[in-house]
Enquirer: 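For reference, the structure I am asking about is given below.
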Amino acid sequence: MTTYDETASAALLDAGAILPPGTTGREDADVLTVRTYTHPALDGRRIVRLVPGTLGEAEDLALDFLGLVREPETPQVGQIRRETLGFPAWALVNDPANGHHALALVKDVERLARQAKSRPGTAKEGFEALGERLGRAVPHFLPTFYEQAARVFLQHENTTYAAAFFGKAREAERVHALAVDEERQRAVFLEFAFAGALTVKALKEHVKALAARLSPADAWAQFRQLTVERCAAGMPPYASLPQDARGLIKAAGLDRDAEECALVADLIASPAAVRAPASFWNTYRATLVLLGRQQPAVRARLLEIMPAGLGRSTRDDEFWLDLLTECGADLLLTGETESDVDAADWLSRWSLHRKHGSSAGDRSPATLALVRRMAPRLRERGRPVDLFTGRWHPGADLDLLDLCLAEDVPLADPGTGRQVFLPLNQWLQDKAPDRRDLTALAAHPRHRRLLYLSVGALGGHRPDARLMEGLAGHPVLADVLREWLQDAAGELTAAAGLPAARAALERLRPFRTVAARVAPAAVAEVAAHEAAPLLGRTLRAGIPDELVWPALEEALTRLDAETRRDRDDTLRVDEAWPALILSRRHKVIVVDPEGVLLEHDLRLPDGLDRWQRPSFRFTDGELLVTWPKDGKQFGYWSARPSDVFP
């Protein structure tokens with residue numbers, strides 16, 4: 001027999017496994033029972049169902065309604081995760097005398113569930129009508145009924161309607177002053193929180209309801225458990241959580257610092273903490289500092305977090321670095337406090353985080369200051385730092401890259417055959433302090449090549465005069481630009497014909513305002529280059545204009561004159577060898593090497609969309625126009641456009 005430890009059992013239960021009986025003592029574990037039912041019409045045959053123990057009584061009542069009788073023996077064959085009683089099971093278990101009201105709605109619920117995917121609005125109205133009917137007879141059934149309606153919409157990923165019906169369930173509890181099963185409601189809140197159908201409004205209403213119906217201490221305990229379990233399940237803390245928590249702590253008369261420290265320690269331990277909003281980190285900053293001083297594990301955990309919910313600006317990034325410093329986590333990176341923290345891994349992840357989905361971030365003086373302090377430990381450990389990883393293509397922060405090269409920090413190779421982005425345009429316009437001079441970057445052979453390519457690429461972004469002046473006025477970048485201009489001039493003078501020479505000249509053109517000052521020799525070389533030999537070689541080789549098709553040019557001119565109204569009008573070309581069929585909007589022209597063969601204005605029905613664009617065939621001097629509609633093909637011949645046939 002297989003044995004399981006408690007950790008493995010928990011993981012298997014959460015994954016939906018069926019464990020052997022008695023495997024785990026978890027509170028949320030339930031027994032799986034075998035229930036056997038008989039009926040006079042079955043001729044001695046039996047119906048056997050596997051039913052969770054919690055739902056067994058509801059199952060018996062539901063089948064009893066159909067005339068099925070359960071046999072006394074209900075052996076337990078396994079353990080599963082406990083399910084929350086829903087509708088109609090909750091009604092049958094808790095009020096069997098009125099259970100017929102719930103069972104009478106089962107068929108209607110199933111009908112509306114089938115409509116929920118294709119006609120969600122109709123299904124919503126149907127559930128609301130059933131709720132009004134149920135509320136008049138048995139209002140205490142409404143919470144579980146509305147929750148069941150919400151689950152129907154969750155099955156079709158309609159979280160908007162699911163959240164609305166979950167809100168109706170809670171509203172029914174308040175309006176009818178219904179007694180609340182705290183354990184069941186906590187489980188339901190978690191269920192809908194995990195599904196993303198629990199709004200912040202619902203959570204805030206829940207806080208008020210807890211404070212109203214429970215003692216202050218119990219209200220805080222219930223809220224704290226829900227908050228921690230919600231976060232552990234993958235939902236980040238909501239924005240107003242600190243204010244709600246402080247209100248409950250104050251009402252309970254508890255020590256705020258102690259309670260907040262315990263709560264925050266539990267919350268940041270969950271993976272969802274990385275998406276906590278800025279209000280969480282701002283409000284609990286002092287708490288985190290206190291925790292960091294008391295618990296070394298908290299400092300290490302903060303280094304694992306890249307706060308995705310904090311914000312995307314450099315100011316937000318530096319707020320996080322200040323928080324790490326106040327908590328003492330920076331000492332784990334610099335080696336001033338002995339630890340097993342991998343500083344190279346943290347810097348690689350921090351570099352990627354600062355790009356915020358782009359190829360590079362803005363200059364961050366706080367990041368540069370921290371890396372200067374980390375440099376000795378990074379050199380000592382020898383682990384390479386990856387500054388080039390990006391979402392779209394490799395890129396790196398110029399200042400950070402230059403600092404790491406100057407400090408001899410081991411760097412991961414950006415890889416061969418990949419276009420690496422160095423944000424020169426962004427860097428030249430960045431006014432933040434602590435700008436590096438890029439001397440170390442330009443002195444490194446491989447990285448100088450990246451800088452060289454980035455300088456050349458700068459011309460493709462239509463840089464303005466100030467940007468060009470900044471490039472030419474920078475001692476290191478001006479030297480790289482001089483090298484690039486000399487190479488580009490060499491490509492021009494080596495060109496064999498006018499097309500290659502023109503391409504080289506276009507690459508040089510954006511730098512014309514500073515080229516004479518930065519690379520006078522390159523400018524002189526271009527100015528002295530003779531164009532006549534290039535022209536001669538090009539003419540002797542032949543030019544594309546000699547291959548023109550006059551009839552095709554005429555057809556395109558007509559289409560441009562009659563149909564080109566906006567940039568969304570695209571030209572379509574279909575083959576009808578040796579002819580071509582050209583079409584745009586309402587106009588079709590058929591052309592062959594000898595001339596225009598046919599010109600036709602389309603006669604299409606109204607209401608066709610882009611998926612119903614017409615197709616064309618040309619034969620025997622006529623054009624067949626066809627289009628799809630309602631699953632069929634229709635068409636006409638150009639000579640008889642009014643005669644449409646399927």
Enquirer: Between W346 and W350, what is the ring plane arrangement, given parallel below 30°, perpendicular above 60°, and tilted in between?
Expert: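 W346 and W350: parallel rings.
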Enquirer: If the condition is ring-ring contact (aromatic ring centres under 6.0 Å, His included), which residues does H600 pass it with, not counting sequence neighbours?
Expert: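 Scan of H600 (ring-ring contact (aromatic ring centres under 6.0 Å, His included), adjacent residues dropped) gives Y636.
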Enquirer: Can you see which heavy atom on L534 is nearest to which on A496, and at what distance?
Expert: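 That closest heavy-atom pairing would be CD2-C, 3.9 Å.
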Enquirer: Decide salt bridge (charged side-chain N to carboxylate O under 4.0 Å, His left out) for E469 and R517; before the verdict, give the C-alpha distance in whole Å, the side-chain angles of both, and the deciding distance to 0.1 Å.
Expert: CA-CA 10 Å; E469 288 299 325; R517 179 168 16 119; 3.0 Å; yes
Enquirer: Where the side chain of R299 meets the backbone of G292, is there a donor-acceptor pair that is under 3.5 Å apart?
Expert: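 Yes, because the side chain of R299 sits within donor-acceptor range (under 3.5 Å) of the backbone of G292.
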Enquirer: Does any part of the side chain of F616, heavy atoms only, come nearer than 4.5 Å to the side chain of T626, both counted from C-beta?
Expert: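 T626 does not reach F616 side chain to side chain.
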Enquirer: So, applying side chain to side chain donor-acceptor pair (under 3.5 Å) with D362, which one of Q426, H356, K431 is it?
Expert: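 Filter result, single survivor: Q426.
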Enquirer: So that I can tick it off, tell me whether D399 and R436 are bridged by a salt bridge, with the cut-off set at under 4.0 angstrom between side-chain N and carboxylate O.
Expert: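 Here R436 does not pair with D399 in a salt bridge, since their nearest N and O are not under 4.0 Å apart.
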Enquirer: Please check this pair: side chain of T557 against backbone of E553, looking for a donor-acceptor N/O pair closer than 3.5 Å.
Expert: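 Looks like yes, one N/O pair under 3.5 Å.
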Enquirer: Restricting to non-hydrogen atoms, name the atom on I268 and the atom on I305 that form the minimum distance, rounded to 0.1 Å.
Expert: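 Reported closest heavy-atom pair: O-CD1, 4.1 Å.
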Enquirer: Short question: side chain of S348, backbone of D386 - any donor-acceptor pair under 3.5 Å?
Expert: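 Here the side-chain-to-backbone pair exists.
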Enquirer: Does the side chain of T325 come under 3.5 Å of the side chain of D322 through a donor N or O and an acceptor N or O?
Expert: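 Judged by distance alone, the side chains do not pair up.
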Enquirer: Tell me, with the steps shown, if D345 and R349 meet salt bridge (charged side-chain N to carboxylate O under 4.0 Å, His left out).
Expert: CA-CA 6 Å; D345 173 70; R349 291 186 293 110; 3.0 Å; yes
Enquirer: Work out which heavy atom in P237 is nearest to a heavy atom in F280; give both atom names and the distance.
Expert: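 Here P237 and F280 meet closest at CB-CD1, 3.9 Å.
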Enquirer: Are there more than 12 heavy atoms of other residues, nucleotides or ligands under 6.0 Å from atom CZ of R613?
Expert: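 No.
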Enquirer: Minimum heavy-atom separation for G595 and A551, please, with both atom names.
Expert: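 So the two residues come closest at CA-CB, 3.4 Å.
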Enquirer: Ion pair present between R381 and D342, side-chain N to carboxylate O less than 4.0 angstrom?
Expert: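 A salt bridge is absent here (no side-chain N lies under 4.0 Å from a carboxylate O).
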Enquirer: Determine whether more than 12 heavy atoms belonging to other residues, nucleotides or ligands lie under 6.0 Å from atom CZ of R572.
Expert: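 For R572, atom CZ is crowded (more than 12 foreign heavy atoms under 6.0 Å).
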Enquirer: Under 6.0 Å between the ring centres of W281 and F319?
Expert: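 No, the ring of W281 stays outside the 6.0 Å limit from the ring of F319, centre to centre.
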Enquirer: Going by an N to O cut-off under 4.0 Å, is there a salt bridge joining E407 and R372?
Expert: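 A salt bridge is absent here (no side-chain N lies under 4.0 Å from a carboxylate O).
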Enquirer: Before accepting this row, confirm whether a basic side-chain N of the pair E304/R301 lies closer than 4.0 Å to the acidic partner's carboxylate O.
Expert: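 Salt bridge flag = yes for R301 with E304.
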Enquirer: So which atom in P242 and which in T283 form the shortest heavy-atom distance, rounded to 0.1 Å?
Expert: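 Shortest heavy-atom separation between P242 and T283 comes out as CB-CG2, 3.4 Å.
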Enquirer: Can you tell if the side chain of C327 reaches within under 4.5 Å of the side chain of L291, non-hydrogen atoms only?
Expert: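 A side-chain contact is absent here, since even the closest heavy-atom pair is not under 4.5 Å.
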Enquirer: Can you name the closest pair of heavy atoms from L302 and W320 and give their distance?
Expert: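 Closest approach of L302 to W320, heavy atoms only: O-CZ2, 3.5 Å.
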Enquirer: May I ask you to test the L556-L571 pair for a side-chain heavy-atom distance under 4.5 Å?
Expert: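 Yes, side chains in contact.
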Enquirer: Go through the structure and list residues passing side chain to side chain donor-acceptor pair (under 3.5 Å) with R509, not counting sequence neighbours.
Expert: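 Counting only residues at least two positions away or on another chain, R509 forms a side chain to side chain donor-acceptor pair (under 3.5 Å) with E506.
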Enquirer: Using modelled atom types only, decide if a donor and an acceptor are shared between the side chain of E336 and the backbone of L332 within a distance under 3.5 Å.
Expert: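 It does not hold such a pair.
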Enquirer: Decide whether a cation-pi geometry holds between R435 and W427; the criteria are a distance under 6.0 Å from NZ or CZ to the six-membered ring centre and an angle within 45° of the ring axis.
Expert: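 Satisfied, under 6.0 Å and within 45°.
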Enquirer: For side-chain contact (heavy atoms from CB on, under 4.5 Å), just list the numbers for F618 and D574, CA-CA rounded to whole Å, side-chain angles, deciding distance to a tenth of an Å, and then say yes or no.
Expert: CA-CA 10 Å; F618 181 74; D574 293 286; over 6 Å; no
Enquirer: Counting only heavy atoms not in Q294, do more than 12 sit closer than 6.0 Å to its CD atom?
Expert: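 More than 12 within 6.0 Å, yes.
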Enquirer: May I ask you to say whether R363 pairs ionically with D434, meaning some side-chain N is under 4.0 Å from a carboxylate O?
Expert: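 No salt bridge links R363 with D434.
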Enquirer: For R617, does the CZ atom sit with more than 12 other heavy atoms under 6.0 Å from it, leaving out its own atoms?
Expert: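 Not more than 12 within 6.0 Å, no.
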Enquirer: List the atom pairs, with distances to 0.1 Å, where a side-chain N or O of residues 472-481 and a protein N or O form a donor-acceptor pair under 3.5 Å, not counting sequence neighbours.
Expert:
residue: H474; atom: ND1; partner: V476; partner atom: N; Å: 3.3
residue: H474; atom: ND1; partner: L477; partner atom: N; Å: 3.2
residue: D479; atom: OD1; partner: R482; partner atom: NH1; Å: 3.1
residue: D479; atom: OD2; partner: R448; partner atom: NH2; Å: 3.0

Enquirer: Could you check whether any side-chain N or O of S240 sits under 3.5 Å from a backbone N or O of Q243, counting only pairs where one atom can act as donor and the other as acceptor?
Expert: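 Not confirmed, S240 side chain does not pair with Q243 backbone.
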